[in-house]
Amino acid sequence: MNYKELADLIFPNAKDISYYEEKYPERDLQEGAIVTRFAPSPTGFVHIGGLYQALIARKLSKQTKGVFFLRVEDTDQKREVENGVSGIVNSLKDFGLEPDEGMITETREIGNYGPYQQSRRKEIYQSYAKYMITQGKAYPCFCTPEEGEELRKTQEQAKIRPGYYGVWAKCRKLSLEEMAEKIKSGMPYIIRFKSQGREDKKIKHKDIIKGNVEFPENDQDIVIIKADGLPTYHFAHAVDDHLMRTTHIIRSDEWLSSVPLHLQLFQELGFKAPKYAHIAPIMKNDCGNKRKLSKRKDPEAAVSYYKKVGIPKQAVKEYLLNIANSSFENWRRANKEADIDDFELQLNKMSVSGALFDMVKLLDVSKIVISNFDAITVYNESLKWAQEYDKELEEMLLDKEYSLKVLGIERNNSNKPRKDLAKWEDVKENIIYMYDNKFFEEKIEYEWQKVNNLSQIKDILNVYLGKYYDENADKEKWFNDIKDLAEEFGFAREVKEYKKEPDKWKGHVGDISTIIRVALTGRHNTPDLYEIMRVLGSQSIEKRINKIRE
Ligand code: GLU
């Protein structure tokens, strides 16, 4: 019995690997083009750290005119959930991070290097496993899970490094005949890699983000094909990223310590190794302690959170780039209007130990992003959000013409656009007082300020409405009218005047306009009062003032 005969016995129908090598040729791309991927498992949960990886990977491929693809790693069938692929595909779509190749729905894919779902690549892995066996680089292992458990206990008790390696690799020592006999007798088995590595030797590796790292060589005979015929991550990664012609593996740094094994697999398979960039996890400051964003503790760890509260995708992406490269902030300052695609991301400038995610900063970024949207974009986006999450807001927005005017306050043509919206969830609270049916429906707690004597307030409002209010006034005249009103009641026309001789006046023009503001909106803190009054119109203004005069 030789290796080839053993291989034929195990995988009689597997194709020769030359078939796949030809089927998936080198990609015809320009020099320096980065081919990379996002390769999540469909567990039903997309972590913001995953989106961060996808954003970075996609950006680098775009910057170099390369390819970004989505590969679904579903070989651990225990962890899978229904519609897990759609969850990933839709999350990428929600953030405008569609792949060039790979899965595009639960079952459909695009691109010439597929299938892009590992569970449909079984035959391919088997061909390469067969090749390894033929080369004497892999072998069948007949140890049962119970034997594995026993081995673990023995090693633990003896305080020996755990694993299936060296003298502990029992099946490695079987003769080819013994192996063949066990297979023929129907014994279940898995396929293990036959490692030539030595624990006492070191391997040096240069990671694009982590820099130079040194690890002991891998000497573990790791499983490459499991009992269900599917590969482990390690083996699938090597085969897939070779055949999909990936140039850069951009992934979470939990895999950094597997690099010795992965490089060894690439070498033993005869593949050229890709470059690796291991991204540190996104961290959170939790009462002074830096820890990973946790799926269990932090709602913002889930990508779905951002959609739910309505933080625009532009803001999330902008913020993630901000934490990816510290140079982004300066770039943004110098290029206020530029599209984030114009920012040149540098992998080697990413944080080695984990960037800090700060929700308050993200919301600040989001306020700026939304302040740059025109009214129709704010309208469309908040309507889309409301249709899914807030029926009351959806109803308010039904009157499109009026809503556009409301949302246009301090926005359209304003050189200092309002920055009071960080997420679509904030819209209702910010505009609800502008809608008569809402305003008159509720009992309002007026937030009167300096002047809070109701009978004086009524007097002032009476005179304003009867003598000064002019619905057609331009802003200058409007303000002048309020100044006249102020003077009539013994308030200074200008704040300056008041400050010079505070005893001479009851207050100043600002106190008077505040009365009008509070009367019309119920609040003392609102956007520009002149614009608000233009949008409300005279009927609503009179009604609102009458409500106080009653
Ligand atoms: N499926 C692996 C994971 O989700 C992918 C790692 C990789 O990108 O290679 O961790």
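All ligand and atom numbering here is 1-based and tracks the order in the structure. None of these values were measured; they are calculated from a predicted model.
- Proximity of Arg37 to ligand 1, defined as any heavy-atom pair under 4.0 Å, is confined to the side chain (atoms from C-beta onward).
- The side-chain heavy atoms of His278 and Arg251, taken from C-beta on, include a pair separated by under 4.5 Å.
- On a distance-only criterion, Ile250 and ligand 1 share no N/O pair closer than 3.5 Å.
- Backbone and side-chain nitrogen or oxygen atoms of Gln53 are examined, and none is located within less than 3.5 angstrom of a nitrogen or oxygen of ligand 1.
- Close approach of ligand 1 to Trp255 is summarised as follows: ligand atoms under 4.0 Å from at least one heavy atom of the residue are 6 (C), 10 (O).
- The backbone N or O of Ile368 lies less than 3.5 Å from a partner atom in the side chain of Ser371, making a donor-acceptor pair.
- Considering backbone and side-chain N/O atoms, Arg71 never comes within less than 3.5 Å of an N/O atom of ligand 1.
- The side-chain heavy atoms of Trp424 and Pro312, taken from C-beta on, include a pair separated by under 4.5 Å.
- On a distance-only criterion, Arg251 and ligand 1 share no N/O pair closer than 3.5 Å.
- Shortest contact from atom 9 (O) of ligand 1 to any protein heavy atom: Tyr233 OH, 2.4 Å.
- In this structure, Ser252 has no heavy atom closer than 4.0 Å to ligand 1.
- The protein heavy-atom contact nearest to atom 5 (C) of ligand 1 is Ala39 O, 3.0 Å.
- Residue contacts with ligand 1 for Phe38 are absent, since no atom lies close enough (heavy atoms, distance under 4.0 Å).
- For the salt bridge (Lys or Arg N to Asp or Glu O under 4.0 Å) condition, the pairs that include at least one residue of residues 12-23, sequence neighbours left out, are Glu21-Arg245.
- Side-chain contact between Leu356 and Ile323 is absent, with no heavy-atom pair separated by less than 4.5 Å.
- Here the side chains of Tyr165 and Asn218 are not in contact, with every heavy-atom distance at 4.5 Å or above.
- Contacts classified as salt bridge (Lys or Arg N to Asp or Glu O under 4.0 Å) and involving residues 320-332 (residues at least two apart or in different chains) are given here: Glu318-Arg332, Glu329-Arg333.
- By the 4.5 Å heavy-atom criterion applied to side chains, Lys284 and Lys292 are not counted as neighbours.
- Protein heavy atom nearest atom 1 (N) of ligand 1, with residue, atom name and distance: Glu73 OE1, 2.7 Å.
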